[in-house]
Amino acid sequence: MTSVQVGKQHDGNEAVAPGESGEGEGYQRGLGARQIQMIAIGGAIGTGLFLGAGKGISKAGPSLILAYAIAGLVIFFIMRALGELLMYRPVSGSFSEYAREFIGPFAGFVTGWTYWLFWVVTGITEVTAAAQYMKYWTHDSVPQWLTALVFTLILYAVNLISVKLFGELEFWFSMVKVTAIVGMILICAGILTVGFSDAGDTASVTHLWSDGGFFPNGIGSTLMTLQMVMFAFLAVELVGVTAGESKDPKTVLPKAINTVPWRIAVFYVGALIMILSVVPWTNFQPGVSPFVAAFEKMGLGVGAAIVNFVVLTAALSSCNSGMYSTGRMLRDLALNGQGPKFFTKLTKSGTPLIGTTVSAAMMLVGVWINYQWPGEAFNYVVSFATISGMWAWIVILICQIRYRIKADRGELPQSSFKAPGGITPSILALAFIGMVIVLMGIDKDARVSLYCAPLWAVILGISYVVLRSRNPQSAAFAKRKQPEQPTQSK
């Protein structure tokens with residue numbers, strides 16, 4: 001995806017060729033291996049698990065564990081496909097650049113702007129979740145929309161300050177999330193083995209199958225949770241992009257991607273197994289964090305308050321990162337000739353003020369959604385975030401398939417980090433994503449996102465034609481020439 005480079009100051013008046021990995025985009029954003037690894041781990045833990053799992057448990061019961069496990073395998077296929085592409089050619093445009101190279105210039109344009117929209121909608125999702133978390137203390141005395149507005153304005157103000165500490169702050173935010181999940185797992189393990197707390201007498205792994213079975217509401221209900229499950233994994237692909245921008249991508253990137261299976265196994269599958277063994281699945285409700293609810297059922301009120309604070313900071317952290325990223329995405333698109341030039345301007349402190357302001361203004365739509373539909377706000381924005389985020393995954397998989405075919409023919413150099421199984425896992429992952437999209441069309445709550453997709457496509461199509469007509473010679477609107485494979489000396 002469009003991403004930030006470490007380099008010298010750019011004056012904002014000239015376009016940078018897409019995919020150019022050289023200097024000159026005006027940011028100072030070098031991330032060390034320690035920060036990348038912790039952000040990679042923390043990136044697997046967010047609102048989809050902390051809040052969304054509550055709805056999933058109420059719908060599918062213990063079988064939600066299986067849904068996370070299968071979806072996690074698909075995510076690993078996607079990450080390995082991305083890793084193969086990044087090690088073939090690390091570029092500043094990433095997803096959009098690969099789309100332009102292996103699909104076409106319009107696909108690259110659509111991918112860049114759709115991924116920006118994804119982060120805007122994700123910001124709305126996270127601030128909505130944060131507003132819901134606040135109800136734990138406010139008890140509806142403060143309107144949900146007002147809380148969402150306050151959080152949005154605060155985070156906007158924060159993003160106008162220097163961003164030098166961004167990597168370190170995200171490191172500690174991730175540390176808090178990881179510590180919370182590990183702490184929950186250990187406490188549940190203690191309850192199961194020692195039997196302390198109010199749940200000690202009833203805690204048992206038999207809850208995974210004794211309360212109506214492993215599929216209490218049928219396999220169909222489990223399938224309908226896949227949209228929420230996939231949402232939980234959205235943005236995990238940023239790990240590969242961030243690692244690709246590090247000083248040592250050949251070392252950091254494979255490590256970051258290869259940790260995906262155990263991250264999913266511990267933080268999703270492991271955490272849900274422990275929670276649902278201690279507290280029967282029938283005790284959980286949509287819109288309530290299963291972690292907070294579990295502590296309350298255990299009689300650990302202080303623990304519930306602590307966990308609610310943790311998930312609140314996690315949501316705000318994700319929204320903050322989204323607001324930080326979107327401003328820079330708009331500037332990067334503009335630098336590549338794929339957006340208005342005024343987005344290229346930086347403040348004296350190096351902040352893309354216009355891009356951040358526009359993105360924050362877009363996130364205010366979330367305040368209106370919270371005002372109109374406070375009970376369904378989270379479900380609506382999750383659906384749209386899922387469909388826009390999955391577009392990036394689709395592009396990654398298609399590009400990896402086309403790249404591997406060309407590389408195997410000798411038309412392109414081989415990647416040093418090949419995806420196992422060749423193109424077969426990518427084809428299976430595409431089929432799985434297609435199934436999820438079909439299921440979203442069946443779900444009346446998720447269907448609204450599919451209605452919005454054609455409208456967004458029309459907007460992008462018109463914008464593409466206008467930008468290309470104004471600058472037809474721009475490299476952004478020409479299919480990228482693929483590097484020639486060096487000839488072998490005989």
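When reading the values below, keep in mind they use all heavy atoms of this one structure, side chains included, and skip hydrogens, waters and symmetry mates.
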Side chain to side chain contact (heavy atoms under 4.5 Å, CB included) for W391 and I387? Distances and angles first, verdict last.
CA-CA 7 Å; W391 173 258; I387 194 67; over 6 Å; no
Is there a side-chain contact between V110 and V395, using heavy atoms and a 4.5 Å cut-off?
no
Taking the side chain as every heavy atom from C-beta outward, state whether L397 and I433 have any pair of such atoms under 4.5 Å apart.
yes
Tell me, please, which residues at least two apart from S359 pass side-chain hydrogen bond (donor to acceptor under 3.5 Å, both in side chains).
W116, T326
Taking atom CH2 of W145 and atom OG1 of T128, what is their separation to the nearest 0.5 Å?
14.0 Å
Nearest heavy-atom approach of G54 to P290 is N-CD, 3.7 Å
Looking only at non-hydrogen atoms, find the nearest pair between A407 and Q414 and report the distance.
O-NE2, 3.0 Å
Parallel, tilted or perpendicular, as decided by the 30° and 60° cut-offs, for the rings of F102 and Y88
tilted
So, using salt bridge (charged side-chain N to carboxylate O under 4.0 Å, His left out) as the criterion, who are the partners of R404 when residues are at least two apart?
E84
Looking at CZ of F432 and CH2 of W393, how far apart are the two atoms once the value is rounded to the nearest 0.5 Å?
9.5 Å
Quick check: do I394 and I437 have side-chain heavy atoms less than 4.5 Å from each other?
yes
Under the criterion side-chain contact (heavy atoms from CB on, under 4.5 Å), which of I398, L412, D408 is the partner of Y403?
L412
Go through L316 and L155 one step at a time and tell me if the side chain to side chain contact (heavy atoms under 4.5 Å, CB included) criterion holds.
CA-CA 8 Å; L316 293 178; L155 292 177; 4.3 Å; yes
Please step through salt bridge (charged side-chain N to carboxylate O under 4.0 Å, His left out) for the pair E101 and R89, ending with a clear verdict.
CA-CA 11 Å; E101 177 177 353; R89 187 171 70 91; 2.7 Å; yes
Nearest heavy-atom pair of W113 and G339: which atoms, and what distance?
CZ2-CA, 3.9 Å
If you define the side chain from C-beta out and look only at heavy atoms, does anything of C399 sit under 4.5 Å from I103?
yes
With side chains defined as the heavy atoms from C-beta onward, is the minimum distance between F233 and I264 less than 4.5 Å?
yes
Is the closest side-chain heavy-atom distance between I70 and L73 below 4.5 Å?
no
Can you tell me how far the CG atom of L312 sits from the CD atom of Q132, to the nearest 0.5 Å?
12.0 Å
side-chain hydrogen bond (donor to acceptor under 3.5 Å, both in side chains) partners of S388, counting only residues at least two apart
none
Straight-line distance of K59 NZ to M224 CE, nearest 0.5 Å:
6.0 Å
If you look at every heavy atom in V260 and R263, which pair is closest and at what distance?
CG2-NH2, 3.0 Å
Listed partners of F118 passing ring pair (Phe, Tyr, Trp, His ring centres under 6.0 Å), at least two apart:
Y115
Output yes when a side-chain donor or acceptor of S469 lies under 3.5 Å from a complementary backbone atom of V466, and no otherwise.
yes
Should I257 and F417 count as side-chain neighbours, where that means a heavy-atom distance under 4.5 Å?
yes
Which atom pair, heavy atoms only, marks the closest approach of A53 to Y68?
CB-OH, 3.9 Å
Once you round to the nearest 0.5 Å, how far does CG of L353 lie from CZ of F343?
11.0 Å
R331 side chain to T344 backbone, donor-acceptor under 3.5 Å:
yes
Determine whether L460 and F109 make a side-chain contact, defined as any pair of heavy atoms from C-beta on separated by less than 4.5 Å.
yes
Run I124 and T152 through side chain to side chain contact (heavy atoms under 4.5 Å, CB included) and show every step you take.
CA-CA 9 Å; I124 295 173; T152 302; over 6 Å; no
With under 30° as parallel and over 60° as perpendicular, where do the rings of F106 and Y464 fit, or are they tilted in between?
perpendicular
Atom pair OG1/CD1 of T225 and I57 - distance to nearest 0.5 Å
10.5 Å
Considering all heavy atoms, the nearest M440-L450 contact
C-CD1, 4.0 Å
Return all side-chain donor-acceptor pairs below 3.5 angstrom for residues 76-83, not counting sequence neighbours, or 'none' if the list is empty.
| from | atom 1 | to | atom 2 | distance (Å) |
| --- | --- | --- | --- | --- |
| R80 | NH1 | N258 | OD1 | 3.4 |
| R80 | NH2 | K418 | O | 2.6 |

Could you go through D443 and Q227, starting from their C-alpha distance and side-chain angles, then the distance that decides it, and tell me whether this counts as side chain to side chain contact (heavy atoms under 4.5 Å, CB included)?
CA-CA 9 Å; D443 189 338; Q227 174 227 330; 4.1 Å; yes
Could you pull out all residues at least two apart from R409 that satisfy salt bridge (charged side-chain N to carboxylate O under 4.0 Å, His left out)?
E411
